[in-house]
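Presented below is the structure to which this report refers.
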Amino acid sequence: MTTQVEYNLDNDVIDKLVGLQAGGNLHALRHQREKVAVATQGSYDTLFDPALEGIGLDERLLVALYACRLAGATDVAAHYRARLEALPAGAVDAAQLAVAASGEPEQLPAGRLRAMLVFARALTERPVEGDKAALHTLPAAGISTPAVVALSQLIAFISYQIRVVAGLKAMKLASN
């Protein structure tokens, strides 16, 4: 499924997370290659599109929160937690949210989310462990091949997003 989303400067998640204001020097630097900012936001919009099939939006947001927590990106984690909390009541199980926010996947019953979080942990903490054996645990948990690809893309995107935000925040701090 391909989603075409119009880029809106006011909805740029990275700009918001870093606190970049249009017209500022760091904002101008980030948007010097506008197609990179547009592609980054487009990836975010596509990966978190509620219509994306194979992995529920709640599952994607839980994986994102967990990956951010593992990476120590509390600012980005707060963004995903807020998105989870904005979902309709009952969309996210409290135990699942607790595990993504501060627990271990093994605290969850065996199944899809547990397998996704274990895979996210492997790719986030020790990418070399994201091998064929790790990949095979996902279909065994009922996750389709297209969903496995989407999950891998999501985890890679979160890693990229965290690094961009951290780099821009460091540059912002250094310029003050």
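Model, not experiment: these values are computed from the prediction. Side chains are part of it too, since the values below use all heavy atoms of this structure and drop only hydrogens, waters and symmetry mates.
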* Pairs satisfying salt bridge (charged side-chain N to carboxylate O under 4.0 Å, His left out), at least one member in residues 82-91, at least two apart -> R81-E85
* **Distance, nearest 0.5 Å, that separates CG of D45 from CG of L52** => 12.0 Å
* To do: Could you check if a side-chain atom of V148 sits within less than 4.5 angstrom of a side-chain atom of P139, using non-hydrogen atoms only?
  => yes
* To do: Could you tell me whether the side chain of R30 reaches within less than 4.5 Å of the side chain of V18, counting heavy atoms only?
  => no
* **Atom pair CD1 (I143) and OG1 (T137), whose distance is rounded to the nearest 0.5 Å** => 7.5 Å
* Structure fact -> Here the gap from M171 atom CE to N25 atom CG, rounded to the nearest 0.5 Å, amounts to 10.0 Å
* If you measure from CG on L154 to CD1 on I55, what distance do you get to the nearest 0.5 Å? -> 7.0 Å
* Are more than 12 heavy atoms from other residues, nucleotides or ligands located less than 6.0 Å from atom CG of D93? -> yes
* To do: Only counting residues at least two apart or in another chain, list the ones meeting salt bridge (charged side-chain N to carboxylate O under 4.0 Å, His left out) with D75.
  => K169
* In terms of hydrophobic clusters joined by side-chain contacts under 4.5 Å, are V118 and I155 together? -> no
* Cluster question for you: counting only ILVMFWY and a side-chain heavy-atom cut-off of under 4.5 Å, with indirect links fine, are L20 and L29 together? -> yes
* Determine whether V164 and V36 fall in the same hydrophobic cluster, where Ile, Leu, Val, Met, Phe, Trp and Tyr are linked whenever their side-chain heavy atoms lie under 4.5 Å apart. => yes
* Do the non-hydrogen side-chain atoms of L26 and Q21 ever get within less than 4.5 Å of each other? -> no
* For F157 and Q161, run side-chain contact (heavy atoms from CB on, under 4.5 Å): C-alpha distance rounded to whole Å, both residues' side-chain angles, the deciding distance at 0.1 Å, then the answer. => CA-CA 6 Å; F157 174 79; Q161 183 184 47; 4.0 Å; yes
Donor-acceptor list for residues 99-113 side chains, cut-off 3.5 Å, not counting sequence neighbours:
| from | atom 1 | to | atom 2 | distance (Å) |
| --- | --- | --- | --- | --- |
| S102 | OG | A98 | O | 3.3 |
| E104 | OE1 | R121 | NH1 | 2.9 |
| E106 | OE1 | R121 | NH1 | 3.2 |
| E106 | OE2 | R121 | NH2 | 2.5 |
| Q107 | OE1 | E104 | N | 2.6 |
| R112 | NE | E59 | OE2 | 3.0 |
| R112 | NH1 | G142 | O | 3.3 |
| R112 | NH2 | G54 | O | 2.9 |
| R112 | NH2 | E59 | OE1 | 3.0 |

* Are Y44 and Y160 an aromatic pair by the rule of ring centers under 6.0 Å? -> no
* Which is it for L61 and L87 under the side-chain contact (heavy atoms from CB on, under 4.5 Å) test, yes or no, and what are the steps along the way? -> CA-CA 10 Å; L61 290 169; L87 291 176; 4.1 Å; yes
* **Nearest non-hydrogen partners of A73 and I162, listed with the distance** => CB-CG2, 3.7 Å
* **Min side-chain heavy-atom separation L135-F119 under 4.5 Å** => yes
* Calculate, to the nearest 0.5 Å, the distance between atoms CD and OG1 belonging to Q153 and T46 respectively. => 10.0 Å
* Asked: Would you say H31 and D15 make side-chain contact, with heavy atoms under 4.5 Å?
  -> yes
* To do: Answer yes or no: is there a side-chain heavy-atom contact under 4.5 Å between L17 and V76?
  => yes
* **Residue pair I158 / Y80, side-chain heavy-atom distance below 4.5 Å** => yes
* Asked: Given L65 and L97, is the side-chain contact (heavy atoms from CB on, under 4.5 Å) satisfied, shown in steps?
  -> CA-CA 9 Å; L65 172 60; L97 181 58; 3.8 Å; yes
* **Check: R60 side chain, D49 main-chain N or O, donor-acceptor pair, under 3.5 Å** => yes
